[in-house]
Amino acid sequence: MCGIVGYIGKKPALPILVSGLKRLEYRGYDSFGFFALDKNEHFLLKKVGKISEWEKNLLDISFAGNLGIGHTRWATTGAVTQANAHPHFDCHNNIFLVHNGIMENYEQVKNKLIKEGHNFLSETDTEVFCHLIEKYFQGNLEEAVKQALREVRGNYGIAVISKKDPNKIVLAKFGAPLLVGVSKDEYFVASDPSAMVSYTRQIINLDDNEVAVISPDNHFLLKEKPLEQIDWEIQEAEKNDYSHFMLKEIFEEPDVIQEAIRGRMELDKGIARLGGLEQARERLSKIENFILLGCGTARYAAMTGECMFEEYAQLPTKTEIASEFRYRKPVLNKNTAILAVSQSGETADTLEAVKEAKRKGILALGLVNMVGSSISRETDAGVYNRAGVEIGVAATKSFVSQLSILALMTVYLGRQREMSMVTGRRILEEMKKLPDFARKILSQADYIKELAKKYSNYRNFYFLGRKYNYPIALEGALKLKEIAWKVHAEGNAGGEIKHGSLALIDESFPTLCICPTDSVYDKMKNAIGEVKSRKGKILAVVTEGNEEIKNMVEDVIYIPKTLEMLTPILSVIPLHLFSAYLALELGLDIDKPRNLAKSVTVE
Ligand code: F6R
């Protein structure tokens, strides 16, 4: 959701900004821009398109300035045009600014500024920041920024440079991530660590309402804060031998299951060890109901967790769309806990829901992948996924990791309640087998690619599953329509199709049925029968050895047999591959689907 970079030091800023911005492209890729300063000379460039398409030309530019900012945009306010691309500037070309977030009261402030004589060149909310800072600028940039921010409502991470107060970058943040990378005599600015990890591993996370100033030899207002270490390698943010990050990340799914469970099981006692929850252990044992929160794919993981918590931990659980939770009037009491599920830990809708729960004095937990992210800092306790960096815009390996950890949490919570040691041990023992089972599924990649090719002429798909695999049907449909956006896909619960959507089905509308041999197998078979009777073609994900469904449908993909509650961890893997291969068959960029961005930091 827009990416920001900045550099101040002794090296030419431009190549550093270009390489950083390329790594942030997953946050938005409709347009980009840079501003760099060299004494009185400045360099400003804005383009529509992806930075990766312009990289070579950009690296040919020689501009000596060793102070600069850059931005890659995911349009929120104002169309995708060169004028709307960042950096934006004030009436006198003095103040240059990049912004991630949304100014909610921008129209009101803009109208006032127009009456005061300011001249706007773009349709964006971001430009309003520039003119507001210009209004208060009297030679000291940070003072002007502080005064301007008093009039701003909304969320922002901003980096600002002034030609009349040079040699510094002023940063400010509220509700959007912003980091400073620290190295000898130089500082880096970015929305996330991937943009700076090849230059420094030491970072400082800015806090909300903080205004910071960085200059070549110092940083102010950041002094009291501890340096944090980036704990992953740059190779994690490379494609290695894969054509796309999404494919690489799907093929990492067995490893993320392994990593999710590593050191977190005590098999002989049948318990899960989740160190991040220890400080909340006592409170958790008294919790009487859970609300799981997330958006998109993370919400589907939460829905699967809801099934697990209720069936095995006997804990009343409800999943809520994070963006709705805060605006409804949920009935909460002191024995309610929330669990926010988020890969990035920066999703504004989820973060705001966590803040709302905390305002109400509720125990707030997080299941987050990005260490040190806003949600991980805002929650009282939580578990990290340890899934590594996920760059593809579509969530894949993070989802599989979320499901694995939710299964561990089920054992953790269950064992605090009625779950027997035998049941705990059975779940954990079965979980240990999952990485190999996942590898076995991925060994069918060529076959799944062939299937994707076979089905690539269809423009509509239905996905059906029941109970644990109902959220997987939703995830399969979301992934397909998101990545292969020329096709439309819908997911539904197997029993629901006869209540309306069956009207859609005919030979031109195939259905993917997730139908492992489990407690709802017979009911799923009914749904398959209903689709078949309407001439619908079916591709089914079934348990190894199942001949019955194979004989009923066009195509099957086999997954190994496991416990019912763990089947979603396996059944989703072929669906991730199917959507990636189908989108590639349609010639689409699976890492950067149109109109989207990873990490949605606006509400
Ligand atoms: C879909 C997808 C999104 C995210 C959602 C939440 O493939 O990636 O639906 O799952 O935006 O993101 P996080 O998990 O970062 O909170």
Side-chain angles (χ1 to χ4, degrees), residues 1-3 26-28 74 76 175-177 191-192 194 244-247 249-250 253 256 292-305 319-325 338-355 365-379 382-385 387-403 405-406 463 471-472 474-485 489 491 572 575-580 583 588-603:
M1 181 80 16
C2 299
Y26 72 90
R27 300 177 68 90
W74 182 81
T76 46
S191 306
D192 89 36
S194 61
H244 294 84
F245 281 110
M246 184 181 178
L247 281 177
E249 287 155 7
I250 295 171
E253 288 180 344
V256 304
L292 307 188
L293 299 164
C295 303
T297 288
R299 179 168 70 92
Y300 301 147
M303 286 170 71
T304 317
T319 302
E320 298 247 13
I321 299 175
S323 55
E324 289 293 309
F325 172 75
I338 63 127
L339 172 70
V341 183
S342 173
Q343 186 286 128
S344 61
E346 299 296 348
T347 301
D349 290 322
T350 314
L351 180 60
E352 288 307 318
V354 169
K355 289 183 181 162
L365 306 177
L367 169 49
V368 171
N369 190 34
M370 290 314 283
V371 175
S373 55
S374 303
I375 294 175
S376 71
R377 286 185 288 144
E378 197 65 41
T379 41
V383 185
Y384 279 123
N385 288 92
V389 190
E390 188 176 71
I391 308 260
V393 162
T396 52
K397 65 173 178 174
S398 62
F399 180 70
V400 169
S401 170
Q402 284 158 355
L403 297 182
I405 291 174
L406 287 163
F463 285 71
I472 303 308
L474 299 177
E475 163 65 2
L478 175 64
K479 212 90 313 168
L480 186 62
K481 67 185 147 198
E482 174 183 13
I483 298 302
W485 46 264
V572 75
L575 302 188
H576 282 166
L577 264 187
F578 182 80
S579 59
L588 300 173
D589 180 349
I590 59 174
D591 283 343
K592 298 187 193 92
R594 71 169 185 182
N595 299 346
L596 298 178
K598 205 165 181 75
S599 194
V600 187
T601 53
V602 291
E603 268 193 89

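Computed from a predicted structure; not experimentally measured. One-based numbering, in listed order, for ligands and for the atoms of each.
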Inset, instruction - Could you pull out all residues at least two apart from Glu352 that satisfy salt bridge (charged side-chain N to carboxylate O under 4.0 Å, His left out)? - result: Arg326, Lys355
Legend entry - Val256 versus Ala387, closest heavy-atom pair with distance: CG1-O, 3.7 Å
Inset, instruction - Determine the minimum heavy-atom distance between Ser376 and Val371, stating which atoms define it. - result: OG-C, 4.4 Å
Legend entry - Under the side chain to side chain contact (heavy atoms under 4.5 Å, CB included) test, residues paired with Pro471 that sit two or more places apart: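 If we apply the side chain to side chain contact (heavy atoms under 4.5 Å, CB included) test to Pro471, skipping adjacent residues, the hits are Tyr300, Met303, Thr304.
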Inset, instruction - Report the residues that fulfil side chain to side chain contact (heavy atoms under 4.5 Å, CB included) with Ile250, sequence neighbours left out, ordered by chain and then residue number. - result: Met246, Glu253, Thr396, Leu442, His576, Leu577, Ala580
Which N or O atoms of ligand 1 sit under 3.5 Å from a protein N or O, and how far apart is each pair?
| residue | atom | partner | partner atom | Å |
| --- | --- | --- | --- | --- |
| ligand 1 | 7 (O) | Thr297 | OG1 | 3.4 |
| ligand 1 | 7 (O) | Ala395 | N | 3.0 |
| ligand 1 | 7 (O) | Lys479 | NZ | 2.7 |
| ligand 1 | 7 (O) | Glu482 | OE1 | 2.7 |
| ligand 1 | 7 (O) | Glu482 | OE2 | 3.1 |
| ligand 1 | 8 (O) | Val393 | O | 3.4 |
| ligand 1 | 8 (O) | Ala395 | N | 3.2 |
| ligand 1 | 9 (O) | Thr297 | N | 3.2 |
| ligand 1 | 10 (O) | Thr297 | N | 3.2 |
| ligand 1 | 12 (O) | Thr347 | OG1 | 3.4 |
| ligand 1 | 14 (O) | Gln343 | N | 2.6 |
| ligand 1 | 15 (O) | Ser344 | N | 2.9 |
| ligand 1 | 15 (O) | Ser344 | OG | 2.6 |
| ligand 1 | 15 (O) | Thr347 | OG1 | 3.3 |
| ligand 1 | 16 (O) | Ser342 | OG | 2.6 |
| ligand 1 | 16 (O) | Thr347 | OG1 | 2.4 |

Inset, instruction - Starting at OG of Ser323, measure out to CZ of Arg299 and round the result to the nearest 0.5 Å. - result: 8.5 Å
